[in-house]
Trainee: 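What follows is a structure written as structure tokens; I'll ask about it next.
A quick note: this is a predicted structure, and the numbers were derived from the prediction, not measured.
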2 protein chains.
Amino acid sequence: MDSPLLQRSSSFCQACAIRNRAICADLDDGEIAILNSIGRRRMLAAGEQIMWEGEEAILVANVIEGILKLSTQTADGKEQILGLVYPADFLGRPFGQTTPYGVEALTDAHVCVFQRADFDRFAREHPRLEHKLLERTLSELDRTRRWMLLLGRMNAEQKLASFLLEMSERVGQKGCTAPGREQFELPLSRQQIADVLGLTIETVSRQLSKLRKDGLIDLPARREIVIVARDRLEELAG
Amino acid sequence: MDSPLLQRSSSFCQACAIRNRAICADLDDGEIAILNSIGRRRMLAAGEQIMWEGEEAILVANVIEGILKLSTQTADGKEQILGLVYPADFLGRPFGQTTPYGVEALTDAHVCVFQRADFDRFAREHPRLEHKLLERTLSELDRTRRWMLLLGRMNAEQKLASFLLEMSERVGQKGCTAPGREQFELPLSRQQIADVLGLTIETVSRQLSKLRKDGLIDLPARREIVIVARDRLEELAG
DNA sequence: CGTCTAGTTGAATTCCGTCAAAGCGGGTGG
DNA sequence: CCACCCGCTTTGACGGAATTCAACTAGACG
């Protein structure tokens, strides 16, 4: 189903870094051309917000580069991060009236944005795209549900261990200096880690210090993590 | 898109109680006939399990009647309920290898079961069904994410208040004796409520007693809830 | 070199979990 | 019909984990 025409077309999409991993993956050249015409690229600086909770859902997007967070807050202002979005992931709420969470870039990011109305129309006319989107949404639902177990039933130590292991899988895969995924740079501040795990910043800090003292990890810089004893970390995470 | 032929066909699906709310809703007669041929009905007794976490994903289903729970557990055996499934909801993991959670009936239930392979094939050939499934999955993801805020950032009192309000919407809609949704029967035991909210059974019991003492609710029987002061409950839930 | 923010550490407090015992209610058998 | 039993629920006492409040430290940046 995949077309071997990468070099024939000079269109934007054909040169896209995530072309083969995003939902646009098995579209043909004609379809890509349409998608190309309704989408546009946009740069985001770290900390920049692109969608606001409760606002009308105007945009959807593919993430090309960078990491973003989805978040919401309680009536009294405590934040909860609902998910992290990585390159090739889909972003936004198609077929919905309002955006159910805020979206903010954690790092400088590069996204491919569509007006939701345009995207919805295109999707309904192209079942293969909808199928991709469905598979992606089902996986995301599975991942989100796994996170519920962490939020509801794990203590602070288990939460941190699980978080570090997950981040090492997600962030540590790039061509790193370190051997494999044992060293990586966190895209989140301590407060943001706390907001992911349903903890306070102090508890996160204390647990990281404890893991370091126990020799499971090292913390060479504020946002650097070195996993020293992956096996023991996995044991903690359960 | 909906066909006005309810009385022409005598097929099973046409007589189905949830025919117009489930994902099969806007299929035409031919499509319904196929679906009818690959699905079969199954009764479940309260407490009966129909899918097991980690097992190969063989079945998917529509819920016709009753309430089921999706759940998982930590390495050390603590359970977390990941979601409740109501009539007209879709159940199971299409397009996936393994079932990521256990499924158990909370009440006696009635489901319409498909072999996943059959269903997947049918879905891929019928974009309208896939679209319905996509919309449903997106809504489910939204609801699940809202639940994450509860698990991560609410205290026991707020959790109970939110839970009771949600249940009153979901369970209190039937033709009840009570005026509106202010009285209803819980489909969950105290332990199961605890497993939904990420609490212990004792905390659930204490918070319910507190809400009763404060005059927000009444508890005429173990599984009966009367909402006395909805406004104050909503205030607590935030 | 000073300021500013993010992060760490400590002490006190609070909320929830744990352990233990008692209460309630529905079903069964005498 | 009542007594008994069993599982579910409630209540109490206690301890511990995480939050809160507060002070301090380390880098980053001008």
Trainee: Please enumerate all protein N or O atoms sitting under 3.5 Å from an N or O of nucleotides 13-19 of chain C, with distances to 0.1 Å.
Mentor:
residue	atom	partner	partner atom	Å
C/dC16	OP1	B/Ala156	N	2.7
C/dG17	OP2	B/Thr200	N	3.4
C/dG17	OP2	B/Thr200	OG1	3.2
C/dG17	OP2	B/Thr203	OG1	2.5
C/dT18	O4	B/Arg206	NH2	2.8
C/dC19	N4	B/Glu202	OE2	3.0

Trainee: Rounded to whole Å, please give me the gap between CG in B/Asp195 and P in D/dC8.
Mentor: 13 Å

Trainee: Check the pair A/Gln73 / A/Gln80 against side chain to side chain donor-acceptor pair (under 3.5 Å), numbers first and verdict last.
Mentor: CA-CA 6 Å; A/Gln73 29 199 112; A/Gln80 176 68 47; over 6 Å; no

Trainee: Take atom CZ of B/Arg212 and atom P of D/dT10, then tell me their distance rounded to the nearest Å.
Mentor: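 For the pair B/Arg212 CZ and D/dT10 P, the rounded distance is 8 Å.
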
Trainee: Any chance you could lay out the salt bridge (Lys or Arg N to Asp or Glu O under 4.0 Å) test for B/Glu157 and B/Arg206, step after step, and finish with the verdict?
Mentor: CA-CA 10 Å; B/Glu157 186 178 51; B/Arg206 269 187 264 269; over 6 Å; no

Trainee: Throw together a table of side-chain donor-acceptor distances under 3.5 angstrom for residues 195-204 of chain B, partners on residues two or more places apart or in other chains.
Mentor:
residue	atom	partner	partner atom	Å
B/Asp195	OD1	A/Arg153	NH2	2.9
B/Asp195	OD1	B/Gln191	NE2	3.1
B/Thr200	OG1	B/Thr203	N	3.4
B/Thr200	OG1	B/Thr203	OG1	3.0

Trainee: Using a 3.5 Å cut-off and no angle test, enumerate the donor-acceptor pairs between side-chain atoms of residues 94-108 of chain B and protein atoms at least two apart in sequence or in another chain.
Mentor:
residue	atom	partner	partner atom	Å
B/Thr107	OG1	B/Ile67	N	3.0
B/Asp108	OD1	B/Ala46	N	2.8

Trainee: Separation of A/Glu79 atom CD from D/dT19 atom C1', in whole Å?
Mentor: 18 Å

Trainee: Using a strict cut-off of less than 4.0 Å between a Lys/Arg side-chain nitrogen and an Asp/Glu carboxylate oxygen, indicate whether B/Asp142 and B/Arg146 qualify as a salt bridge.
Mentor: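 So B/Asp142 does not pair with B/Arg146 through a salt bridge.
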
Trainee: Please lay out, stage by stage, how B/Glu79 and B/Lys69 fare under the test salt bridge (Lys or Arg N to Asp or Glu O under 4.0 Å).
Mentor: CA-CA 12 Å; B/Glu79 182 157 338; B/Lys69 66 166 193 182; 2.8 Å; yes

Trainee: Under a 4.0 Å heavy-atom cut-off, which of residues 214-224 of chain A touch DNA chain C?
Mentor: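 Contacting residues: A/Arg222.
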
Trainee: Take atom CD1 of A/Ile193 and atom P of D/dA18, then tell me their distance rounded to the nearest Å.
Mentor: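 My rounded result for the distance is 16 Å.
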
Trainee: Between the main-chain N or O of A/Asn155 and the side-chain N or O of A/Gln158, is there a donor-acceptor pair closer than 3.5 Å?
Mentor: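 Flag set: sc A/Gln158 to bb A/Asn155 pair under 3.5 Å.
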
Trainee: Could you tell me the separation between the CD atom of B/Gln191 and the P atom of D/dT10, rounded to a whole number of Å?
Mentor: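 Computing the B/Gln191:CD to D/dT10:P distance gives 12 Å.
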
Trainee: Return a table of donor-acceptor pairs under 3.5 angstrom between the side chains of residues 50-58 of chain B and protein atoms on other chains or two or more places apart.
Mentor:
residue	atom	partner	partner atom	Å
B/Glu53	OE1	B/Thr72	OG1	3.0
B/Glu53	OE2	B/Thr72	OG1	2.7

Trainee: Taking only N and O in the side chain of A/Ser209, is any of them less than 4.0 Å away from OP1 or OP2 of C/dT9?
Mentor: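 Yes, within the criterion.
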
Trainee: To the nearest angstrom, how far is B/Ile201 atom CD1 from C/dC24 atom C1'?
Mentor: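 Answer to the nearest Å: 14 Å.
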
Trainee: Is it true that B/Arg93 and A/Glu135 make a salt bridge, defined as a side-chain N closer than 4.0 Å to a carboxylate O?
Mentor: no

Trainee: How many whole angstroms separate atom CZ of A/Arg190 from atom C1' of C/dT5?
Mentor: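 So the two atoms are 14 Å apart, to the nearest Å.
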
Trainee: Taking A/Asp214 for its side chain and A/Leu211 for its backbone only, find out whether a donor-acceptor pair lies under 3.5 Å.
Mentor: no

Trainee: Over the length of the helix from C/dC1-D/dG30 to C/dG30-D/dC1, how much do the five-pair end axes diverge, rounded to 10 degrees?
Mentor: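 For the helix from C/dC1-D/dG30 to C/dG30-D/dC1, the axes at opposite ends meet at about 30°.
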
Trainee: Are the side chain of A/Arg145 and the backbone N or O of B/Leu70 linked by a donor-acceptor pair below 3.5 Å?
Mentor: no

Trainee: Whole Å only: how far is the CG atom of A/Asp76 from the P atom of D/dT19?
Mentor: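 Value for this atom pair: 14 Å.
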
